[in-house]
Amino acid sequence: MSSSSLKQSQVITCKEAAVAWGSGQPLVMEEVEVSPPQPMEIRVKVVATSLCRTDITAWESQNIFPRIFGHEASGIVESVGQGVTEFSEGDHVLTVFTGECFTCRQCVSGKSNICQVLGLERRGLMHSDQKTRFFIKGKPVYHYCAVSSFSEYIVVHSGCAVKVNSDVPLDKICLLSCGVAAGLGAAWNVADISKGSTVVIFGLGTVGLSVAQGAKLRGASRVIGVDTNPEKIVKASGFGITEFFNPNDCSEPIQQVIKRVTDGGADYSFECIGDTGMITTALQSCCDGWGIAVTLGVPKVKPEVSAHYGTFLSGRTLKGSLFGGWRPKSDLPSLVNMYIEKKIQIDEYITHNLAFGDINKAFDLMKEGKCLRCVIHM
């Protein structure tokens with residue numbers, strides 16, 4: 001048996017995987033068995049992973065446990081399963097939480113990134129067989145978004161990974177697995193921001209500031225940031241924010257403030273918080289006739305959105321954005337190239353670099369609003 005075939009059939013024991021045993025409970029470093037990659041899957045040694053707000057939302061509000069979170073990651077292919085021809089041992093890859101199969105109706109349409117085969121996985125299982133690849137003493141540990149990057153080794157479907165050049169810094173481009181790409185894509189693909197336009201962004205975390213960067217690069221004349229954390233303004237201008245409002249400091253509802261200072265509303269508004277009430281506010285903050293509101297956040301509670309029908313009758317549009325409309329395998333390589341060519345910022349979103357053993361500190365920093373992205377080095 002060849003060495004590659006042997007690897008395909010072996011279980012790996014990870015000395016360290018950060019396991020969540022319950023909602024909101026600190027992650028615990030555990031020894032975890034990682035199964036071999038099944039057909040069309042690859043096993044990846046994680047090099048770097050960054051904490052996304054969505055990880056925290058799921059950790060606090062969902063009830064699928066024990067579980068390994070994490071979905072923004074980069075790593076090196078350790079072994080490949082049967083039928084995989086795109087990847088080889090030693091390839092550098094980005095993992096992605098939503099895949100691209102190239103064969104379903106959505107993928108072949110060229111109009112969507114909502115793959116019907118490898119779309120967002122919500123049950124903590126693998127796409128291919130609805131089972132897990134993680135075990136502790138023989139008992140299953142659930143996945144998150146079919147990635148689960150808070151582990152030394154992971155198994156992902158080959159359609160949920162993107163090959164990158166070996167000279168690209170993996171501890172930087174892991175941010176393109178979700179947050180930075182999601183914001184840029186919302187600005188460019190979903191809203192299609194035009195030059196000279198006025199933009200308002202609710203929530204100035206990594207996603208919101210990536211929308212700002214996208215708006216700036218498209219030539220928006222005004223990019224208004226809205227956040228209740230006054231410390232966010234310190235970094236915001238570096239990504240293109242030209243004006244800042246804290247709703248807590250305003251004597252009138254923030255949507256009225258935005259309409260007043262923009263002569264009737266912004267051309268584009270973005271909800272990057274994960275609050276359906278703010279979706280309504282974003283919609284009310286854009287102008288009649290052509291105003292577009294885009295929602296990117298993932299809410300913990302109250303998933304329903306409410307709005308007066310007159311808001312739409314007046315010509316405003318509400319759009320949803322998953323991963324910024326990017327088709328991961330088709331489009332992410334171009335974003336990596338833009339980073340290499342210094343056409344987009346990524347490094348500036350990284351406020352903290354932490355060892356894997358300090359992962360709970362990353363959770364604390366994000367909950368306290370004291371970071372943009374914490375990159376966790378494995």
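Heavy atoms only: backbone and side chains are in, while hydrogens, waters and symmetry mates are out.
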Q | Closest approach of S314 to T311 (non-hydrogen atoms, all atoms of both residues) | A | OG-O, 2.8 Å
Q.
I'd like to know if the side chain of T276 reaches the main chain of V305, judged simply by a donor and an acceptor atom lying under 3.5 Å from each other, with no hydrogens or angles considered.
A. no
Q) Side-chain contact, heavy-atom cut-off 4.5 Å: E41 with V84? A) no
Q) Does N165 use its side chain to pair, donor to acceptor, with the backbone of D167 at less than 3.5 Å? A) no
Q.
To check you understand the geometry: which heavy-atom pair defines the closest contact between S221 and T242, and what is its length?
A. O-CG2, 4.5 Å
Q: Tell me, yes or no, whether the heavy-atom count around K111 atom NZ, taken from other residues, nucleotides or ligands under 6.0 Å, exceeds 12.
A: no
Q) When F202 is tested against each of T295, I254, D227 for side-chain contact (heavy atoms from CB on, under 4.5 Å), which residue passes? A) I254
Q.
With a 6.0 Å cut-off (strictly less than), is the heavy-atom count around NZ of K361, excluding the residue itself, greater than 12?
A. no
**Q.** Check: W59 side chain, A20 main-chain N or O, donor-acceptor pair, under 3.5 Å
**A.** no
Q) Just checking, any donor-acceptor pair under 3.5 angstrom between side chains of S285 and Q255? A) no
**Q.** K319 (side chain) donor-acceptor with V190 (main chain) under 3.5 angstrom
**A.** yes
Q.
Would you compute the distance between atom OG1 of T49 and atom CZ of F150 and round it to the nearest 0.5 angstrom?
A. 5.0 Å
(Q) Tell me if the CZ atom of R260 is crowded by more than 12 foreign heavy atoms within 6.0 Å. (A) yes
Q) Can a donor-acceptor pair be found between the side chains of Q213 and Y349 at a distance below 3.5 Å? A) yes
Q: Considering non-hydrogen atoms only, spot the tightest contact between E31 and I136 and give its length.
A: O-CG1, 3.9 Å
(Q) Working note: F69 + Y144, criterion ring pair (Phe, Tyr, Trp, His ring centres under 6.0 Å); need CA distance, chi angles, decisive distance, verdict. (A) CA-CA 5 Å; F69 286 100; Y144 179 63; 5.0 Å; yes
(Q) Looking at N248, I want to see if its CG is surrounded by more than 12 non-hydrogen atoms of other residues, nucleotides or ligands under 6.0 Å. (A) yes
(Q) If I take atom CG from residue L27 and atom CG from residue N360, how far apart are they, to the nearest 0.5 angstrom? (A) 4.5 Å
Q. How long is the gap from CG on L335 to NZ on K343, to the nearest 0.5 Å?
A. 11.5 Å
Q) What are the two closest heavy atoms between L118 and H127, and how far apart are they? A) C-NE2, 3.5 Å
Q.
Is the shortest side-chain heavy-atom distance between M126 and V155 below 4.5 Å?
A. yes
**Q.** Spatial distance of atom CD1 (I346) from atom CD (E348) [nearest 0.5 Å]
**A.** 9.0 Å
Q.
Could you tell me if the side chain of L372 sits less than 4.5 Å from the side chain of I350, heavy atoms only?
A. no
Q. Would you say the side chain of L204 lies within less than 4.5 Å of the side chain of I241, judging by non-hydrogen atoms?
A. yes
Q) Looking at side-chain heavy atoms only, is the closest gap between R43 and I12 below 4.5 Å? A) yes
Q) For F134 and Y142, what are the C-alpha separation, side-chain angles and deciding distance, and is it a ring pair (Phe, Tyr, Trp, His ring centres under 6.0 Å)? A) CA-CA 7 Å; F134 297 115; Y142 293 98; over 10 Å; no
Q | E100 and S330 side chains, donor-acceptor separation under 3.5 Å | A | yes
Q.
Could you check whether atom CD of Q25 has more than 12 heavy atoms from other residues, nucleotides or ligands sitting under 6.0 Å from it?
A. yes
Q | Spacing of I42 atom CD1 and E89 atom CD [to the nearest 0.5 Å] | A | 12.0 Å
Q. P247 versus T228: any side-chain heavy-atom pair under 4.5 Å?
A. yes
(Q) Give me the atom names and distance for the closest heavy-atom approach of C14 to V34. (A) SG-CG2, 3.6 Å
Q: Applying side-chain contact (heavy atoms from CB on, under 4.5 Å), run through L283 and F312 and close with a yes or a no.
A: CA-CA 9 Å; L283 191 58; F312 301 104; 3.6 Å; yes
Q.
Checking H377 against F356 for the ring pair (Phe, Tyr, Trp, His ring centres under 6.0 Å) test, could you report, in this order, the C-alpha distance in whole Å, the side-chain angles of both residues, the deciding distance, and whether it holds?
A. CA-CA 6 Å; H377 300 258; F356 189 28; over 10 Å; no
Q: Before giving the answer on salt bridge (Lys or Arg N to Asp or Glu O under 4.0 Å), spell out for K329 and E86 the whole-Å C-alpha distance, their side-chain angles and the decisive distance to 0.1 Å.
A: CA-CA 11 Å; K329 296 177 79 69; E86 179 186 358; 3.1 Å; yes
Q: Check F245 against I258 and note the closest heavy-atom contact, atom names and distance.
A: CD1-CD1, 4.3 Å
Q) Is a side-chain N or O of S237 found less than 3.5 angstrom from the main chain of I233, in a donor-acceptor match? A) no
Q: From the options L322, V156, T54, select the one residue that forms a side-chain contact (heavy atoms from CB on, under 4.5 Å) with F97.
A: L322
(Q) Under a 3.5 Å threshold, yes or no: a donor from one side chain and an acceptor from the other, between Q116 and R105? (A) no
Q.
Quick check for you: to the nearest 0.5 Å, what is the distance between S50 atom OG and L175 atom CG?
A. 4.5 Å
(Q) Evaluate R218 against D192 for salt bridge (Lys or Arg N to Asp or Glu O under 4.0 Å), listing each step before the verdict. (A) CA-CA 9 Å; R218 276 292 179 91; D192 193 15; 2.8 Å; yes
Q) Taking side chain as C-beta onward, heavy atoms only, is W21 less than 4.5 Å from R67? A) no
Q) Do I224 and R222 touch side chain to side chain, with heavy atoms closer than 4.5 Å? A) yes
Q. Ignoring hydrogens and geometry, is there a side-chain-to-backbone donor-acceptor pair from T317 to I292 under 3.5 Å?
A. no
Q: Check whether the side chains of D267 and S197 place a donor and an acceptor atom closer than 3.5 Å, and report yes or no.
A: no
(Q) Testing T98, T95, D55 one by one against H71 for a side-chain hydrogen bond (donor to acceptor under 3.5 Å, both in side chains), which residue passes? (A) D55
Q. Going through the distances and angles, do T13 and E33 end up as a side-chain hydrogen bond (donor to acceptor under 3.5 Å, both in side chains)?
A. CA-CA 4 Å; T13 299; E33 298 120 33; 5.6 Å; no
Q. With a 4.0 Å cut-off, would you call E72 and R373 a salt bridge?
A. yes
